[in-house]
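These notes are about the structure you will find just below.
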Amino acid sequence: MIVLDTNALMMPVECNVRLFEELDRVLPDATEYVAPAAVRDELVKLADGAGAEATAASVGQDLLDRCTVRETSADYADDAVLELAQADDATHAVTNDTPLKRRLLDAGVPVISLRGRNKLGITQP
């Protein structure tokens, strides 16, 4: 199970990343993509605005169709990502958020993030 953060789902617009193609490249055996309900809710709020961020969030909402949305005890998206990433069936988390990336690595979770202009790479804890 790969856990995706809000900004991961917004990467196609914000960073010109072909998200699922890149995830398939770095983790060819990935079987399930998961996003916390708090991430879905954050995308809904961001998409309600205007400008590039709203467009990116709208695309992120469309990409949620390829993910399983799971409820967590956390209301804040970063906490919810960390909660799911620490589940027994989680193998990696995807984020470009530096503070969250640090929290995930400290918790022993490998992180997939942007490397270079539009490629993803894995950072091991």
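All values reported here derive from a predicted model rather than from experimental measurement.
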What I want to find out is whether Arg70 reaches Asp89 closely enough, with some N-O distance under 4.0 Å, to be called a salt bridge.
yes

Leu104 and Ala85: which non-hydrogen atoms are nearest, and at how many Å?
CD2-CB, 3.6 Å

To the nearest 0.5 Å, what is the distance between CG (Leu114) and CG (Asn96)?
5.0 Å

Roughly how far apart are Asp5 CG and Leu82 CG, rounded to 0.5 Å?
11.0 Å

So NZ of Lys45 and CG of Asp48: to nearest 0.5 Å the spacing works out to 11.0 Å

If you count the non-hydrogen atoms of other residues, nucleotides and ligands that lie under 6.0 Å from CG in Asp75, is the total more than 12?
no

Sorted by first residue and then second, give each side-chain hydrogen bond (donor to acceptor under 3.5 Å, both in side chains) pair with at least one member in residues 104-115; sequence neighbours left out.
Lys101-Ser113, Arg115-Thr123

Side chain proximity check, Leu19 to Leu4, heavy atoms < 4.5 angstrom:
yes

Could you state the interatomic distance from OG1 (Thr91) to CG (Leu27), rounded to the nearest 0.5 Å?
6.0 Å

Would you name the heavy atoms of Arg66 and Tyr33 that are closest together and state the gap between them?
O-CB, 4.0 Å

Scanning both residues in full, the closest heavy-atom pair of Val26 with Leu120 reads CG1-O, 3.4 Å

What heavy-atom pair brings Leu100 and Asp78 nearest, and what distance separates the two atoms?
CD1-O, 3.6 Å

Closest non-hydrogen contact found for Glu83 with Ser73 is OE1-OG, 2.8 Å

When you look at Leu23 and His92, which way does the side-chain contact (heavy atoms from CB on, under 4.5 Å) test go after all the steps?
CA-CA 11 Å; Leu23 288 172; His92 296 77; over 6 Å; no

Could you pull out all donor-acceptor pairs under 3.5 Å where a side-chain atom in residues 34-44 meets a protein atom, sequence neighbours excluded?
residue: Glu42; atom: OE1; partner: Thr6; partner atom: OG1; Å: 2.4

Look at Arg103 together with Asp79 and state whether they make a salt bridge at an N to O cut-off of under 4.0 Å.
yes

With a 3.5 Å distance limit and no angle check, can you tell me whether Asn16 reaches the backbone of Asn118 through a side-chain donor-acceptor pair?
no

Do you know the tightest heavy-atom contact between Ser58 and Ala47?
N-CB, 3.9 Å

Does OH in Tyr76 sit with more than 12 non-hydrogen atoms of other residues, nucleotides or ligands closer than 6.0 Å?
no

Within a strict 4.5 Å, meaning less than it, do heavy atoms of the Leu46 and Met10 side chains meet?
yes

